[in-house]
Amino acid sequence: ESVSLETSILASVNYSYDSRYLFDGNYRANASSLFGADKRWGHFWSLGIGWNIHNESFMQNFGWLQRLKLRASTGYTGSQNFNSYQAISTYKYYSDEVYDNIIGSYLMSLANPDLQWQKTQDNNVGLDLSVFGRVDLTFDYYIKNTSDILLGYNVPVETGIWSAPSQNIGKVKNTGFEMALTYRGNVGDLKYTVTGNIATNKNKVVDLAGSDDIISNGGDKIRFILREGEPIGSFYGYKTDGLYTQEEIDAGRFYTFGRIPNAGDIKYVPQREDVKYYGDLEANEDKSHAAISGEDRTIIGKDVPDFTYGVNLNLQWKNFELSVFGQGVSGTMTAFESEQISAFMLNANPREFHRGRWTQENPNPRAIYPRIYGGHSLDDYNQYFSDYQLFDSDYFRIKSISLGYMVPINVVKSWGLSSLKLFVTGENLFTLRADDKMKDFDPESPSGRGLSYLGSKSVAFGVNVSF
């Protein structure tokens with residue numbers, strides 16, 4: 001059980017002059033027991049200004065303009081989102097070994113009394129616009145610089161330290177914009193409101209304070225990497241170029257990876273320039289010169305989208321109401337492993353997309369799945385983490401559709417009621433996906449084994465009654 005305490009001091013000021021010029025300022029001091037005695041306090045502030053241009057006297061003749069506001073803000077926030085006790089050394093009892101009734105222990109992590117708050121500087125400029133009584137626009141551009149990110153610093157394994165010491169070494173930059181546009185109108189008795197929104201984000205790791213690339217596990221096989229100049233959420237694995245053909249195997253135009261590949265096996269692509277085809281080796285040349293190794297891993301994709309978007313539609317006609325909400329993402333991938341992707345893995349049932357696998361009857365070097373070896377096979381040649389395990393998770397989905405009917409008031413009053421509304425709602429009924437391989441996975445699912453990541457649809461009927 002871990003215990004932590006936090007104390008906060010808050011101050012805020014807001015000022016408005018003639019509803020035209022706006023100012024707000026905030027200050028927050030936080031102290032946390034998660035940090036060392038000299039680093040517990042973090043001081044964070046923000047300043048914001050606004051200008052309601054539509055309230056200026058020179059704008060009064062523009063009757064079509066209801067709102068025009070410019071905004072700008074800057075400030076810092078803090079985070080202490082990490083495991084407890086990282087500022088002190090921790091030990092673990094080794095209960096499996098007891099000598100003379102003495103239980104041994106070993107060092108889990110080194111103390112770092114200099115740990116401090118992670119800080120994010122957020123700079124934002126924005127615009128609010130309303131015109132013609134029908135159109136609303138909101139636009140924001142932001143730059144976020146996060147520093148002192150708590151990461152495990154790489155140390156040599158010879159130190160015997162169980163886990164990498166935590167230090168404030170990371171810096172990340174995020175830039176992007178957010179925009180929402182709404183239009184309201186009517187055609188006779190039909191009233192409608194349409195809203196669209198889009199948000200972009202570009203992030204990259206700016207600094208790791210001299211640390212080597214930080215590789216982390218995303219599962220049994222899935223790996224992520226933090227590398228300066230690259231985005232967070234970068235997958236780290238092997239690039240591939242389809243599957244081997246029998247002709248390539250016979251001609252020696254292949255690379256080994258623990259063994260000589262067979263036709264239908266994944267064709268891993270080396271990233272080192274000095275790797276040769278197996279058939280090009282000299283008679284006495286070291287076979288490792290034709291072998292794929294861990295040094296051939298590289299960035300093969302990312303799971304953070306380039307942008308997200310959505311649309312809202314509301315229709316009202318007499319006593320009927322229809323609302324539709326859709327959302328989508330673009331520029332992202334999802335990685336699967338084990339039962340979600342490997343046929344018969346741990347004796348799991350095969351998936352529908354395995355029908356498109358390589359076989360002797362279908363020796364397609366671009367088949368969506370390599371040859372199958374069976375659930376009891378110890379051969380893991382085709383299971384090294386590669387872009388063959390990445391799936392395009394771009395999508396647009398109708399998240400919800402709701403149709404309602406309000407029973408006329410004179411009817412419900414005759415029944416002794418105040419109001420009565422009947423409705424039917426559907427969720428996740430329609431999805432357009434970019435993936436053309438697995439096809440049946442939920443594009444909103446996270447990377448991993450994905451045992452239950454097939455998604456779900458639902459339809460609900462309901463009644464709202466007021467007495």
Side-chain angles (χ1 to χ4, degrees), residues 6-32 41-81 117-149 171-185 191-203 206 307-314 325 327:
E6 183 177 351
T7 299
S8 299
I9 300 174
L10 304 174
S12 179
V13 60
N14 294 274
Y15 178 74
S16 172
Y17 176 75
D18 197 27
S19 297
R20 290 183 292 164
Y21 311 114
L22 312 174
F23 170 83
D24 67 81
N26 298 278
Y27 170 78
R28 178 176 185 136
N30 286 65
S32 173
W41 283 96
H43 301 273
F44 313 104
W45 55 267
S46 66
L47 298 174
I49 57 174
W51 181 20
N52 284 323
I53 302 175
H54 61 276
N55 286 335
E56 296 287 355
S57 58
F58 58 81
M59 298 295 294
Q60 301 311 305
N61 293 328
F62 298 94
W64 50 270
L65 178 67
Q66 286 78 52
R67 182 177 178 84
L68 176 58
K69 180 180 179 180
L70 297 179
R71 297 175 280 104
S73 63
T74 186
Y76 286 86
T77 57
S79 174
Q80 54 167 336
N81 186 24
W117 289 84
Q118 174 181 304
K119 295 179 285 292
T120 298
Q121 182 188 24
D122 192 346
N123 304 295
N124 181 283
V125 292
L127 166 72
D128 298 326
L129 176 69
S130 296
V131 295
F132 305 116
R134 294 176 177 271
V135 180
D136 297 328
L137 172 68
T138 299
F139 179 87
D140 287 273
Y141 177 78
Y142 64 87
I143 300 174
K144 292 183 180 180
N145 293 299
T146 302
S147 60
D148 293 327
I149 300 174
K171 293 182 180 180
V172 173
K173 183 176 183 179
N174 287 270
T175 59
F177 71 84
E178 299 173 351
M179 183 174 68
L181 180 65
T182 298
Y183 182 82
R184 294 177 296 275
K191 300 178 181 179
Y192 59 90
T193 301
V194 182
T195 299
N197 64 78
I198 184 172
T200 70
N201 182 67
K202 182 179 181 180
N203 79 75
V206 177
F307 64 90
T308 61
Y309 57 98
V311 62
N312 247 315
L313 172 65
N314 287 280
F325 169 60
Q327 70 176 30

Quiz prompt | Point-to-point distance, once rounded to the nearest 0.5 Å, from CG of Asp122 to OG of Ser46 | solution =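 Those atoms lie 9.5 Å apart.
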
Exercise. Before giving the answer on side chain to side chain contact (heavy atoms under 4.5 Å, CB included), spell out for Leu68 and Trp51 the whole-Å C-alpha distance, their side-chain angles and the decisive distance to 0.1 Å.
Key: CA-CA 8 Å; Leu68 176 58; Trp51 181 20; over 6 Å; no

Practice problem: For Arg71 and Val125, indicate whether the former's side chain and the latter's backbone hold a donor-acceptor pair under 3.5 Å. | Solution: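 Pair absent, no side-chain N/O of Arg71 close to backbone of Val125.
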
Practice problem: Keeping the roles fixed (side chain from Asn52, backbone from Ser19), state whether a donor-acceptor pair exists under 3.5 Å. | Solution: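 Confirmed, Asn52 side chain pairs with Ser19 backbone.
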
Atom [atom1] of [X] with >12 non-hydrogen neighbours under 6.0 angstrom:
X: Lys171; atom1: NZ; answer: no
X: Asn14; atom1: CG; answer: yes
X: Tyr76; atom1: OH; answer: no

Smallest separation among heavy atoms of [X] and [Y], with atom names:
X: Met59; Y: Ile53; value: CG-O, 3.1 Å
X: Glu6; Y: Gln80; value: OE1-NE2, 2.8 Å
X: Ser32; Y: Trp117; value: CB-CZ2, 3.7 Å

Exercise. Check ring-ring contact (aromatic ring centres under 6.0 Å, His included) between Phe177 and all other residues, then give those that pass, not counting sequence neighbours.
Key: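 ring-ring contact (aromatic ring centres under 6.0 Å, His included) check on Phe177 returns Phe139.
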
Self-check item: Heavy-atom check, side chain of Tyr142 versus side chain of Asp140, under 4.5 Å
Solution: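 A side-chain contact under 4.5 Å is absent here.
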
